[in-house]
Protein chains: 2
Amino acid sequence: MPVATPEKIAELADRLFYERGFATTSFADIAGALGISRGNFYHHFKTKDAILDAVMARRLEQRKLWLAEWAALGPRAALHRFIDILTVNEAKIMAHGCPVGGLCQELARLNHAAQPGAQAIAGLFIDWLAAQLVLAGGREELARHLFGRAQGVAALANITGDKALMQAEVKALHLWLDEVLNGE
Amino acid sequence: MPVATPEKIAELADRLFYERGFATTSFADIAGALGISRGNFYHHFKTKDAILDAVMARRLEQRKLWLAEWAALGPRAALHRFIDILTVNEAKIMAHGCPVGGLCQELARLNHAAQPGAQAIAGLFIDWLAAQLVLAGGREELARHLFGRAQGVAALANITGDKALMQAEVKALHLWLDEVLNGE
DNA sequence: CTATAATTAGGGCGAACGTCCTAGTATCGT
DNA sequence: ACGATACTAGGACGTTCGCCCTAATTATAG
């Protein structure tokens with residue numbers, strides 16, 4: 001008798017949406033992986049879009065926690081810690097890309113109503129980066145650049161599957177950050 | 001009586017796969033958009049994967065043509081012209097992302113057999129960039145970095161939908177290229 | 001202990017999917 | 001003119017999709 005709370009369902013859906021994409025993950029996939037029936041599933045989430053909303057809300061809250069933790073390190077270390085998501089999630093990113101950028105891209109292609117929600121998660125990072133940059137004495141406009149660079153490294157890792165390349169790119173990003181923070 | 005050559009079909013499938021994704025574009029979508037019947041369709045392509053193969057072969061050849069044209073400008077201008085794909089295809093990239101990176105990511109998520117083919121298109125660009133960089137007096141290792149940067153700009157444009165930001169990022173990439181080519 | 005609610009399982013709906021097939025209609029070499 | 005080949009149309013297949021429903025089972029409250 002498997003326990004299927006909405007949280008458990010959202011947690012698994014989060015993983016599957018990331019690994020296999022939203023459109024190509026079915027009710028049956030999630031229910032099957034959880035060991036519950038589709039009927040049970042339907043009791044907790046009426047529509048697939050409702051699951052997506054729950055997953056996005058979940059991701060948003062999780063990212064907020066991360067950002068708060070990192071901010072406690074002080075702005076400079078926080079910014080470096082952001083870059084290190086790429087290192088920490090190395091294997092996953094090489095296999096499935098960036099969860100934030102990937103969802104944005106997929107929802108854009110689907111013309112999905114939840115697209116703004118996905119963009120909001122990216123916006124959360126960008127705003128946080130801007131705030132940390134200001135605290136660290138840098139220009140806040142660099143936030144979007146830094147975010148884009150990280151997206152690029154993720155894409156590159158996913159495309160080439162080259163671990164050493166990914167590590168080199170991360171290193172280069174750290175160096176770049178130190179440069180712009182130290183003034184030139 | 002619509003004319004449906006394999007080339008016409010591949011051309012339209014190319015566009016639809018880019019705009020809406022491979023998995024979420026159906027036989028019926030392509031046939032309907034072309035104004036032909038599914039039976040006719042099947043006569044030219046037995047399976048959906050066969051269409052994907054044709055689309056990827058088409059893209060590969062088209063990109064080879066582009067790269068050859070750009071190479072004729074001389075290495076330095078060629079590298080700048082590569083960066084300007086982002087400008088030339090601005091609207092499309094903001095709406096649907098990078099066709100190369102997007103396909104790679106989708107096929108990776110689907111664990112699709114054609115994944116290496118998509119990666120080969122990216123590899124074509126990277127190898128070409130490496131060759132042009134050497135000709136321009138730069139380090140060939142920068143090729144993958146430059147490609148990744150371009151991927152990042154495309155992702156950023158797709159996520160934020162900010163045209164001015166995209167233009168600024170492109171400008172920054174041009175400046176970076178001039179810097180690394182002029183030595184430091 | 002019992003009535004009410006929450007949870008579970010699983011069948012079934014209509015639609016759409018990729019694929020296959022057959023039957024007409026051009027096209028073309030001879 | 002005719003037989004063969006290419007093309008086109010569209011129906012039908014089995015499956016899976018998201019979604020809905022009912023019937024059991026479990027938990028909860030009075």
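Below, chains carry the letters A, B, ... as their sequence lines are ordered, and counting in each starts from 1.
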Which atom pairs, donor and acceptor, lie under 3.5 Å between side-chain atoms of residues 94-110 of chain A and protein residues at least two apart or in another chain?
{"residue": "H96(A)", "atom": "ND1", "partner": "K92(A)", "partner atom": "O", "Å": "3.4"}
{"residue": "E106(A)", "atom": "OE1", "partner": "F22(A)", "partner atom": "N", "Å": "3.0"}
{"residue": "E106(A)", "atom": "OE2", "partner": "F22(A)", "partner atom": "N", "Å": "3.1"}
{"residue": "E106(A)", "atom": "OE2", "partner": "A23(A)", "partner atom": "N", "Å": "2.9"}
{"residue": "R109(A)", "atom": "NE", "partner": "Y18(B)", "partner atom": "O", "Å": "3.2"}
{"residue": "R109(A)", "atom": "NH2", "partner": "Y18(B)", "partner atom": "O", "Å": "3.3"}

Please identify each residue that fulfils side chain to side chain contact (heavy atoms under 4.5 Å, CB included) with [X], with sequence neighbours left out.
X: A78(B); answer: W70(B), W128(B), Q132(B)
X: A120(A); answer: none
X: R20(A); answer: L16(A), T25(A), D29(A)

Mind calculating the distance between [atom1] ([X]) and [atom2] ([N]) to the nearest angstrom?
X: R38(A); N: dT16(D); atom1: CZ; atom2: P; value: 12 Å
X: F27(B); N: dG18(C); atom1: CZ; atom2: C1'; value: 6 Å
X: N40(A); N: dA24(D); atom1: CG; atom2: C1'; value: 13 Å
X: F45(B); N: dC7(D); atom1: CZ; atom2: P; value: 12 Å
X: K8(A); N: dT7(C); atom1: NZ; atom2: C1'; value: 16 Å
X: L110(A); N: dC17(D); atom1: CG; atom2: C1'; value: 15 Å
X: L34(A); N: dT8(C); atom1: CG; atom2: P; value: 10 Å
X: F41(B); N: dG10(D); atom1: CZ; atom2: P; value: 16 Å

For the side chain of [X], counting heavy atoms from C-beta on, which of [options] is nearest?
X: Y42(B); options: dT19(C), dA6(C), dC7(D); answer: dT19(C)
X: S37(B); options: dA9(D), dT7(C), dG10(C); answer: dA9(D)
X: S26(A); options: dA9(D), dC17(C), dG18(D); answer: dG18(D)
X: A28(B); options: dC17(C), dG18(D), dT8(C); answer: dC17(C)

Worksheet item: Quick one: what's the B/S/- string for nucleotides 23-29 of chain C, heavy-atom cutoff under 4.0 Å, read 5' to 3'?
Response: -------

Worksheet item: Counting only heavy atoms not in K163(A), do more than 12 sit closer than 6.0 Å to its NZ atom?
Response: no

Worksheet item: Counting just side-chain N and O atoms, does H43(B) come under 4.0 Å of either OP1 or OP2 of dA9(D)?
Response: no

Response to the item:
Residues of residues 46-55 of chain A with a heavy atom under 4.0 Å from any atom of DNA chain D, listed by number, are T47(A), K48(A)

Practice prompt. Mind checking T25(B) for me? I need base, sugar-phosphate or nothing, with any heavy atom below 4.0 Å counting as a touch.
Written response: sugar-phosphate

Worksheet item: Would you say I30(B) and F45(B) make side-chain contact, with heavy atoms under 4.5 Å?
Response: no

Worksheet item: Looking at K64(B) and E61(B), does any basic side-chain N land under 4.0 Å from a carboxylate oxygen?
Response: yes

Practice prompt. Could you pull out the closest heavy-atom pair between A114(A) and D53(A), with the gap in Å?
Written response: CB-OD1, 4.2 Å

Worksheet entry | Any side-chain donor near an acceptor of the partner, R76(A) and H80(A), under 3.5 Å | no

